[in-house]
Amino acid sequence: MTAPTLDTSTRAVAEHLLNTLRLLDQADDQRLAVQPGGAYGDVREALIKVLETQDWGRGMADEAILHAMLIGDTLFESMMASRAG
């Protein structure tokens, strides 16, 4: 039996991190989401670093993540919405 093939593209990694943020935001143990220096902040920072590899500045990445979290879009859709203005 072979392991399933994973999508390891930058886009897939970013979407995975966004989904992890959503899970942390809704976690039963809200310390995961609100604890200073905790998991939520670490995952968000990792997502920003991934976006920076694609020439997105920190401000643009923050805006796209916020949009995705509030609206429920994919990160790609939120990035396009952020670009459009």
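Note that CG of Leu47 and CD of Glu52 are 10.0 Å apart. Values are rounded to the nearest 0.5 Å. Taking CZ of Arg44 as the start and CG of Asp62 as the end, the distance is 4.5 Å to the nearest 0.5 Å. Within the model, atoms CG of Leu51 and CG of Leu17 stand 9.0 Å from one another, a figure rounded to the nearest 0.5 Å. Separating the CZ atom in Arg58 from the CD atom in Glu45 is a distance of 4.0 Å, to the nearest 0.5 Å. Rounding to the nearest 0.5 Å gives a distance of 11.5 Å between CG of Asp73 and CE of Met80. The CG atom of Asp28 sits 11.0 Å away from the CG atom of Leu23 when rounded to the nearest 0.5 Å.
Looking at every heavy atom in both residues, Ser78 comes nearest to Ala64 through CB-O, 3.3 Å. In terms of heavy-atom proximity, Leu32 sits nearest to Leu24 at CB-CD2, 3.8 Å. Residues Leu18 and Met69 come closest through the heavy atom pair CD1-SD, 3.8 Å.
Under a 3.5 Å cut-off, the side chain of Glu15 and the backbone N or O of Phe76 do form a donor-acceptor pair. Counting only distance, with no hydrogens or angles, the side chain of Gln30 and the backbone of Asp25 share a donor-acceptor pair below 3.5 Å.
Residue His67 places its NE2 atom among more than 12 non-hydrogen atoms of other residues, nucleotides or ligands, all under 6.0 Å distant.
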